[in-house]
Amino acid sequence: MDALHMAGHSVELASDFRSFEGSGDAARQTALRQEGGAIARSLALRWRAMAKADRPELWLTYHLYYKAPDWLGPRISADLGIPYVISEASYAPKRADGPWAIGHLATQRAIHAAALLLCPTGDDVPGLQLVASATTRITRLPPFLDPAPYRVATQARAAHRSRFCVAHGLSAGAVWIVVVAMMRHGDKLASYRVLASVLRRLIDLPWELVVAGDGPARGEIQAMLESAAPGRARFLGECGADTMAAIYAASDLSVWPAVNEAYGMAMLEAQAAGIAVVSCAVRGVPDVVCDGRTGLLAAPGDVQELANLVRRLLLDPPYRVGMGRAAAQFVDAERSVERAAGRLNLAFEGLREAAATSLGGVVAP
């Protein structure tokens with residue numbers, strides 16, 4: 001929404017309805033479909049009662065997939081006769097006959113109905129091509145952020161580092177490896193498990209681990225990392241945005257195995273603060289980390305290669321620092337909210353009449 005405002009559009013958050021259903025409960029999915037349908041009817045009636053000049057000119061839905069289908073956008077767009085756009089859609093044919101069949105079918109139909117699909121990574125494109133209509137445009141919109149808070153934090157690196165040394169008992173002379181991720185079961189826990197294996201292979205080098213994140217698996221994760229790196233891990237819990245910018249800026253290297261990671265915004269944040277990233281070339285990670293330029297990427301699941309890449313950057317400070325500078329430049333030049341605003345305007349060309357000046361109806365189901 002910030003990018004759309006920056007691009008000169010008027011944006012309305014149409015609804016805070018959430019369609020996510022995580023347990024595969026068909027009855028709950030049906031209830032959500034009915035609730036979404038009622039909201040769609042109400043919104044369409046309200047907007048149709050307005051003068052045409054005051055109605056939304058485009059509908060944008062952010063992130064839909066089989067567990068979180070869009071019950072609003074396709075219906076409202078068709079009713080108002082306006083373009084339907086999706087940012088970050090994914091389609092998995094294997095879900096067709098599973099417990100989320102209702103959401104899978106709705107997502108398939110929504111993707112087919114879309115005039116424009118904005119894709120943050122190339123990983124989702126092949127699936128979308130299976131169900132997109134002949135007139136649907138598929139356009140890349142890489143992950144982006146506002147680099148300003150990270151730039152400011154980097155300028156105060158020494159002060160932040162001194163503060164965290166006192167607050168968390170960190171050593172000023174050690175290399176700080178930062179890890180930022182939720183602590184929940186599933187892929188996040190699997191990533192932490194790989195991380196622990198990596199750290200055991202690096203125990204001969206001087207480094208300390210700074211972990212920001214919390215969640216239901218914190219106890220298990222904390223015990224795992226403390227066992228892998230006795231006395232070297234500091235757990236900061238859940239942190240706000242300003243604190244996170246300071247943590248990145250005070251650290252030296254970001255490491256995350258990215259098991260089944262969609263793309264990893266935390267790794268983009270780390271680069272915005274001027275630190276290199278070591279991860280795996282899985283799914284959308286290569287769209288966020290430029291291998292050999294802003295970080296180093298191991299083959300998916302190769303724990304030893306991941307450890308070797310971390311070791312390389314730990315042992316070569318000039319290389320690590322230079323890569324961090326390149327990372328900050330990359331975010332400023334290619335992954336900023338300003339750059340995204342320009343990409344959005346280019347993507348919208350041809351979807352609206354030349355005289356149109358505003359957008360409406362943004363929803364994140």
Side-chain angles (χ1 to χ4, degrees), residues 14-41 43 59-78 84-114 117-133 136 138 181-194 213-218 220-221 257-265 280 282-285 300-301 363-365:
S15 174
D16 59 5
F17 169 69
R18 289 180 59 83
S19 65
F20 177 78
E21 196 289 307
S23 64
D25 183 337
R28 176 62 179 154
Q29 292 173 55
T30 299
L32 287 167
R33 178 176 61 190
Q34 293 172 344
E35 183 181 354
I39 294 170
R41 286 191 296 273
L43 288 171
W59 178 282
L60 171 62
T61 288
Y62 170 72
H63 195 195
L64 72 148
Y65 68 119
Y66 66 98
K67 289 185 180 180
D70 183 7
W71 298 120
L72 278 62
R75 177 168 186 157
I76 291 173
S77 299
Y84 174 54
V85 178
I86 308 171
S87 178
E88 195 173 345
S90 64
Y91 176 76
K94 65 182 180 181
R95 302 295 179 181
D97 298 318
W100 289 277
I102 294 172
H104 171 83
L105 181 58
T107 296
Q108 176 181 327
R109 289 173 173 171
I111 292 169
H112 186 78
L117 299 170
L118 299 169
C119 299
T121 76
D123 186 61
D124 287 324
V125 171
L128 297 177
Q129 290 174 331
L130 295 174
V131 291
S133 71
T136 300
I138 301 177
M182 292 178 284
M183 296 180 173
R184 63 188 185 202
H185 296 89
D187 292 332
K188 298 298 184 187
L189 178 58
S191 288
Y192 276 111
R193 189 172 290 115
V194 173
D214 208 341
R218 176 167 178 168
E220 184 176 353
I221 290 168
V259 174
N260 201 31
E261 192 83 50
Y263 44 83
M265 281 300 295
C280 292
V282 62
R283 296 191 63 186
V285 173
V363 63

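Just so it is clear, the structure is predicted and the values come from calculations on it, not from any experiment. Numbers for residues simply follow the sequence, beginning at 1.
For Glu220, the salt bridge (Lys or Arg N to Asp or Glu O under 4.0 Å) criterion is met by Arg193, not counting sequence neighbours. Partners of Arg33 under the salt bridge (Lys or Arg N to Asp or Glu O under 4.0 Å) rule, at least two apart in sequence or in another chain, do not exist in this structure. Thr136 pairs by the side-chain hydrogen bond (donor to acceptor under 3.5 Å, both in side chains) definition with Ser133, not counting sequence neighbours. Residues passing the ring-ring contact (aromatic ring centres under 6.0 Å, His included) test with Tyr263, sequence neighbours excluded: none. Remark: Pro99 pairs with no residue by the side chain to side chain contact (heavy atoms under 4.5 Å, CB included) rule, at least two apart or across chains. In this structure, the side chain to side chain contact (heavy atoms under 4.5 Å, CB included) partners of Ala92, at least two apart in sequence or on a different chain, are Lys94, Arg95. Pro300 pairs by the side chain to side chain contact (heavy atoms under 4.5 Å, CB included) definition with Val282, not counting sequence neighbours. With sequence neighbours excluded, the residues satisfying side chain to side chain contact (heavy atoms under 4.5 Å, CB included) with Val194 are Val198, Pro257, Val259, Val303, Leu306. With sequence neighbours left out, the side-chain hydrogen bond (donor to acceptor under 3.5 Å, both in side chains) criterion links Lys67 to no other residue.
Across all their heavy atoms, Ala132 and Ile138 have their closest contact at CB-CD1, 4.4 Å. Contact record, Ile86 with Ala110: CD1-O, 3.9 Å, taken as the closest heavy-atom pair. Across all their heavy atoms, Leu128 and Ala89 have their closest contact at CD2-O, 3.7 Å. Taking all atoms of both residues into account, the shortest heavy-atom contact from Pro93 to Leu130 is CG-CD1, 3.7 Å. A pairwise comparison of heavy atoms in Ser19 and Ala68 identifies OG-C, 3.3 Å as the closest pair. The minimum heavy-atom distance between Ala40 and Ile76, with the atom names listed, is O-CG1, 3.7 Å.
The line from CE of Met183 to CG of Leu189 is 10.5 Å long, rounded to the nearest 0.5 Å. Here the straight-line distance linking atom CG of Leu105 with atom CG of Asp97 works out to 11.0 Å at 0.5 Å rounding. A distance of 10.5 Å separates CD of Glu88 from CG of Leu118, quoted to the nearest 0.5 Å. In this structure, CG in Leu64 is found 11.5 Å from CG in Leu72, a value given to the nearest 0.5 Å. Distance check: Ser77 OG to Leu60 CG gives 10.0 Å after rounding to the nearest 0.5 Å. In this structure, OG on Ser87 lies 9.5 Å from CG on Leu117, to the nearest 0.5 angstrom.
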Report the C-alpha distance between Leu32 and Phe20 in whole Å, list the side-chain angles of each, state the deciding distance to 0.1 Å, and finish with yes or no for side chain to side chain contact (heavy atoms under 4.5 Å, CB included). CA-CA 9 Å; Leu32 287 167; Phe20 177 78; over 6 Å; no
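Thr61 places a side-chain heavy atom less than 4.5 Å from the side chain of Tyr84.
Pairs passing the side chain to side chain donor-acceptor pair (under 3.5 Å) check and including a residue from residues 21-32, sequence neighbours excluded, read Glu21-Ser23, Glu21-Gln29, Glu21-Trp100. The salt bridge (Lys or Arg N to Asp or Glu O under 4.0 Å) contacts involving residues 101-114 comprise nothing, where partners must be two or more places apart or lie in separate chains.
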List the atom pairs, with distances to 0.1 Å, where a side-chain N or O of residues 119-126 and a protein N or O form a donor-acceptor pair under 3.5 Å, not counting sequence neighbours.
from	atom 1	to	atom 2	distance (Å)
Thr121	OG1	Asp123	N	3.2
Asp123	OD2	Arg283	NE	3.3

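With hydrogens and angles ignored, the 3.5 Å screen pairs no side-chain donor or acceptor of His104 with any backbone N or O of Tyr66.
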